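The structure under discussion appears below in the form of structure tokens.
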Amino acid sequence: MKKIIKNGTIVTAADTFFGDVLIDDGIVVMIGVDLESEGAEIVDASGCYVFPGGIDPHTHLDMPFGGTVTADDFETGTIAAAYGGTTTVIDFCLTNKGKPLADAVAHWHAKAKDKAVVDYGFHLMVSEVNDDVLRELPLMIEKEGITSLKVFMAYKNVFQADDGTLYRTLLLAKEHGALVMVHAENGDVIDYLVAKALEEGNTDPIHHALTRPPELEGEATGRAAELTGMADSQLYVVHVTCAEAVNKIAEARRRGLKVYGETCPQYLTLDVSYLEKPDFEGAKYVWSPPLREKSHQQALWDALWNGQLQTIGSDQCSFNFKGQKELGLGDFSKIPNGGPTIEDRFTLLYSEGVEKGRISINKFVDIVSTSSAKLFGLFPQKGTIAIGSDADIVIFDPKVKRTISAETHHMNVDYNAFEGMEVVGEPVSVLVRGEFVIRDKAFVGRAGGGRYLHRKRFGQAEQAAVKKLPIGGAR
Ligand SMILES: [Zn+2]
């Protein structure tokens with residue numbers, strides 16, 4: 001039952017120190033030096049960092065899209081997540097217009113329940129606001145602990161909601177303590193540009209990027225931020241890719257608006273030139289928003305470092321090249337959007353960020369775990385190593401040099417978007433609530449071992465932490 005993780009360098013969003021972590025019944029109960037406890041299993045972390053488990057706030061597992069279904073489900077996806085150092089995922093529950101939200105949530109529970117190997121929560125997609133939704137949404141927030149709502153400003157005639165729906169969702173979120181997440185691209189203009197490109201015979205993957213220019217991401221981001229200010233609500237912009245969008249978020253934050261932003265490993269490391277790979281291989285790199293010119297990468301790193309962007313999500317949404325991405329041969333608009341990123345998110349941020357001197361190691365923990373825990377109502381249960389927190393822990397060897405490859409990854413997909421990239425560092429062992437899921441680089445977890453997370457309302461996670469101060473902490 002008890003474990004002591006010994007002799008590691010413990011790193012949180014605030015501190016870096018040498019010490020031991022005593023875990024009892026899945027919870028961190030003591031942090032110190034030379035800890036001993038009768039009957040405790042000793043786990044040696046010499047030469048390793050001891051990080052809080054990664055939190056991936058943006059995954060699409062077992063999700064239907066474009067006439068097919070993602071290659072990774074909650075089992076393969078969360079096993080890959082665990083290998084990569086992620087112990088919590090928050091997945092997007094899709095809803096259907098005119099159908100009860102409760103049915104959609106029950107459907108997503110069924111997908112995850114007996115499969116997830118790490119802990120998980122759900123965001124809920126909102127595509128319309130009517131009397132039924134107004135009645136049901138507060139129940140989803142209260143009873144299901146789904147305290148984040150997703151609105152799409154793009155994917156016309158599929159997921160896209162109009163501005164009125166976004167505004168009403170922001171008002172509702174304000175009233176009930178939820179965070180509104182937006183996919184910020186101008187879907188109406190994109191729809192026109194895509195039709196025009198196809199009409200002119202421009203069918204290759206690169207035209208996916210050319211029909212979704214950064215101006216349309218910046219415009220939608222600014223529009224969503226402005227509506228957030230009017231509603232005095234809170235907004236989280238998912239997958240920010242470009243300087244145009246970063247600038248709109250920075251401007252909103254300067255005005256004191258509660259606007260937050262996420263970027264993804266692919267936007268930090270890959271660029272639009274990948275879409276020009278021959279033999280349709282560019283389809284592997286079709287994300288929405290698309291990969292940008294390389295110059296945008298610096299804007300994203302700067303924004304992570306100075307706090308304009310707070311988190312990194314994988315936007316895991318894997319489709320095989322063979323048979324799935326190929327649906328878009330001869331028509332780029334039919335290429336399923338998304339890629340396999342859940343496994344490499346954590347190490348890529350460490351390797352490209354900390355190792356290359358772009359962010360500090362504490363900032364790394366903040367971006368990869370702590371900020372998401374705070375924004376999505378999981379802190380301090382998740383997102384840090386502190387007394388009373390879940391023992392979600394990554395023992396990370398920062399000396400390992402390796403090359404990312406589909407041949408060695410654990411995702412259920414036939415390519416890796418970061419193929420051939422050399423990285424420094426690797427999770428050696430990963431614990432979820434004190435139990436090994438990965439031990440010495442081998443999976444030892446169990447399908448269904450992950451627990452559903454009933455999340456706190458927006459802004460309440462940190463208040464709860466203050467109320468539960470240990471004895472002697474409160475005055
Ligand atoms: Zn997504």
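Numbering of ligands and ligand atoms starts at 1, following listing order. Quick caveat: nothing in here was measured; it's all calculated off a predicted structure.
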*Would you say Asp131 has more than 12 foreign heavy atoms packed within less than 6.0 Å of its CG?*
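Open.
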
Please tell me whether [X] and [Y] form a close aromatic pair, meaning their ring centres lie under 6.0 Å apart.
X	Y	answer
Tyr155	Phe65	yes
Tyr267	His296	no
His176	Phe458	no

*Please confirm if an N, O or S atom belonging to His239, backbone or side chain, lies less than 2.8 Å from the Zn ion (ligand 1).*
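No.
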
*2.8 Å cut-off met by an N, O or S atom of His58 to the Zn ion (ligand 1)*: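 Checking His58: at least one N, O or S atom is under 2.8 Å.
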
*With respect to the Zn ion (ligand 1), what is the nearest N, O or S atom of Asp315?*
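In Asp315, the N, O or S atom with the shortest distance to the Zn ion (ligand 1) is OD1.
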
